[in-house]
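These notes are about the structure you will find just below.
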Amino acid sequence: MVQEFLGQLTLQLGGGEPTYPTVVPEPNFDPDKDAARIETAIKTKGVDEQTIIDVLTKRTYNQRREIAFAFERRAKKDMISALKGALSGSLETVILGLMKSTAQYDASEIKASIKGLGTDEESLIEIVCSRSNAEFMEIKKVYKECEYGIKRKGTDVKCWISIMTERSVPHLQKVFERYKSYSPYDMQESIRKEVKGDLEKSFLTLVQCFENKQLYFANRLQDAMKSKGAKEKVLTRIMVSRCEVDLKKIRQEFKAHHGKSLYQTIAEHTKGDYQRALLSLCSGDD
């Protein structure tokens, strides 16, 4: 059921959303110079992880791609393969994620979430329910595979799915507002009462993103770090996928609702090169 809902989901966002990136184009960009720095960092005994972090977390995807082209011209080898060989663990995951476009990264995360014996519904729900129509259309292009085809059950659920997937965001926002005059519960409370399981999570995620997408991500980051030992998969995915989209706005919502800056929270719950990479993507303490 949840897979059919996610497969049908298409958000109608009209003229597009404003962006609040923390990673922006480097004004004095020199791909050849950056490629040389990366090559030297990889060849350094023990690997110079800090240089790799300094360069790749402060360049946009298009700039990183130019660096990769320049690297291959000078080193006669693929930069991504070289990075795979030089890095490991959580830092490798972040850096290799940055070497994909946002749509490519999202598509690879969707593939990973439905691969194998079980489906990672939480990851699937987060990605599909939070991306704009334009972002999701690009993900579909990249994915290049048939997604979901499970038969629906239940007339009421069919109606919910129809409403949640076929209406524009502005329309649904008005529906949610008017709904309060017809019910003692707000939309999220009603969803919790009427729908269960992963479909409930899908609807709730969708409503939260309609109301305030950046707050949704801020809360996801907080949840990922509040328990002992950060949930690195969630933390990595959000930091990598939103750094060129709206991470600056997410930072603001995080500080406003959780009383501490995202930068400080990451510093407290991560360590080593992984910490430095995430803090660099965060690009500032609020």
Side-chain angles (χ1 to χ4, degrees), residues 21-24 26 33-61 63-64 67-68 71 75 77-100 102 104-106 108-109 112-113 120 122-123 126 217-245 247-248 250-251 254-255 258-286:
T22 57
V23 175
V24 296
E26 165 60 41
K33 184 177 178 180
D34 284 345
R37 291 179 67 192
I38 295 293
E39 184 181 20
T40 300
I42 290 173
K43 288 181 176 179
T44 298
K45 187 175 180 181
V47 183
D48 179 4
E49 290 94 347
Q50 188 60 55
T51 294
I52 295 171
I53 292 169
D54 290 343
V55 173
L56 296 181
T57 65
K58 294 302 181 186
R59 307 293 185 270
T60 62
Y61 166 70
Q63 291 180 331
R64 291 181 213 118
I67 295 169
F71 183 97
K77 64 173 71 171
D78 175 61
M79 190 173 90
I80 293 175
S81 298
L83 289 168
K84 282 182 181 179
L87 304 174
S88 62
S90 302
L91 179 64
E92 178 186 359
T93 303
V94 173
I95 296 300
L96 294 183
L98 290 170
M99 294 309 300
K100 299 173 183 176
T102 300
Q104 289 169 345
Y105 181 77
D106 281 345
S108 68
E109 287 288 291
S113 74
D120 180 359
E122 184 178 287
S123 299
E126 177 201 303
F217 281 121
N219 290 336
R220 287 281 286 162
L221 287 167
Q222 170 70 2
D223 289 342
M225 291 186 283
K226 71 180 180 183
S227 57
K228 187 176 181 181
K231 292 181 181 177
E232 288 187 356
K233 185 176 181 179
V234 175
L235 186 55
T236 297
R237 180 172 60 245
I238 295 175
M239 296 298 289
V240 170
S241 67
R242 308 310 292 183
C243 66
E244 292 186 51
V245 183
L247 187 54
K248 186 176 288 186
I250 293 169
R251 275 173 31 192
F254 191 98
K255 178 67 178 289
H258 299 294
K260 184 179 289 186
S261 72
L262 177 59
Y263 190 95
Q264 291 171 345
T265 306
I266 290 171
E268 289 178 7
H269 290 87
T270 60
K271 58 186 178 180
D273 293 324
Y274 179 58
Q275 179 194 77
R276 288 195 289 274
L278 295 186
L279 292 178
S280 185
L281 290 176
C282 193
S283 192
D285 192 358
D286 297 299

Would you confirm whether Ser108, through its side chain, and Tyr105, through its main-chain N or O, come within 3.5 Å as a donor-acceptor pair?
-> yes
With a 4.5 Å limit on heavy-atom distance, are the side chains of Arg37 and Asp54 in contact?
-> yes
Does Leu262 reach the side chain of Asp286, with side-chain heavy atoms less than 4.5 Å apart?
-> no
Non-hydrogen atoms of Phe217 and Glu126 that approach each other most closely = CE2-OE2, 4.1 Å
Taking the side chain as every heavy atom from C-beta outward, state whether Leu56 and Ile38 have any pair of such atoms under 4.5 Å apart.
-> yes
Using side chain to side chain contact (heavy atoms under 4.5 Å, CB included) as the criterion, point out the one residue from His258, Met225, Lys226 that pairs with Thr265.
-> Met225
Does the side chain of Arg251 reach to within under 4.5 Å of the side chain of Cys282, using non-hydrogen atoms?
-> yes
Out of curiosity, Gln275 CD to Thr270 OG1, how far, rounded to the nearest 0.5 Å?
-> 4.0 Å
Electrostatic pair Arg276:Glu49 at N-O distance under 4.0 angstrom = no
Is a side-chain N or O of Thr93 found less than 3.5 angstrom from the main chain of Gly89, in a donor-acceptor match?
-> yes
Hey, are the side chains of Ile52 and Asp48 touching, using non-hydrogen atoms and a 4.5 Å cut-off?
-> no
Taking it one step at a time, do Thr51 and Thr44 satisfy side-chain contact (heavy atoms from CB on, under 4.5 Å)?
-> CA-CA 11 Å; Thr51 294; Thr44 298; over 6 Å; no
NZ/Lys100: more than 12 non-hydrogen atoms of other groups inside 6.0 Å | yes
Distance from Phe71 atom CZ to Lys77 atom NZ, nearest 0.5 Å?
-> 6.0 Å
Which atom names give the shortest non-hydrogen contact between Ala68 and Met99, and what distance separates them?
-> CB-CE, 4.1 Å
Side chains of Thr236 and Tyr274: is there a donor and an acceptor less than 3.5 Å apart?
-> yes
Least distance between heavy atoms, Glu92 atom then Leu87 atom = OE1-O, 3.4 Å
Heavy-atom closest pair, residues Ile53 and Ala277 = CG2-CA, 3.7 Å
4.5 Å side-chain heavy-atom contact, Lys231 and Asp223 | no
Starting at NZ of Lys84, measure out to CD1 of Ile42 and round the result to the nearest 0.5 Å.
-> 13.0 Å
So how far is it from Ile67 CD1 to Glu39 CD, rounded to the nearest 0.5 Å?
-> 13.5 Å
Which heavy atom in Val24 sits nearest to a heavy atom in Thr60, and how many Å separate them?
-> C-CG2, 3.4 Å
Take atom OH in Tyr61; do more than 12 heavy atoms of anything else shown fall under 6.0 Å from it?
-> yes
Indicate the atoms forming the closest heavy-atom contact of Ala267 with Leu279, along with that distance.
-> N-CD2, 4.1 Å
Backbone of Arg64 reached by a side-chain donor or acceptor of Arg59 within 3.5 Å = no
So, Glu244 side chain and Pro21 main chain: donor-acceptor pair closer than 3.5 Å or not?
-> no
If you round to the nearest 0.5 Å, how far is CD1 of Ile266 from CG of Leu278?
-> 5.5 Å
Indicate yes or no for a side-chain donor-acceptor contact from Arg242 to the backbone of Leu247 under 3.5 Å, with no hydrogens or angles considered.
-> no
Is any side-chain N of the basic residue among Arg220 and Glu122 closer than 4.0 Å to the acidic one's carboxylate O?
-> yes
Answer yes if the side chains of Thr57 and Ser280 hold a donor-acceptor pair under 3.5 Å, and no otherwise.
-> yes
Looking at CG of Leu221 and CD1 of Ile238, how far apart are the two atoms once the value is rounded to the nearest 0.5 Å?
-> 4.0 Å
So, does Lys58 use its side chain to make a donor-acceptor pair with the main chain of Glu26 at under 3.5 Å?
-> no
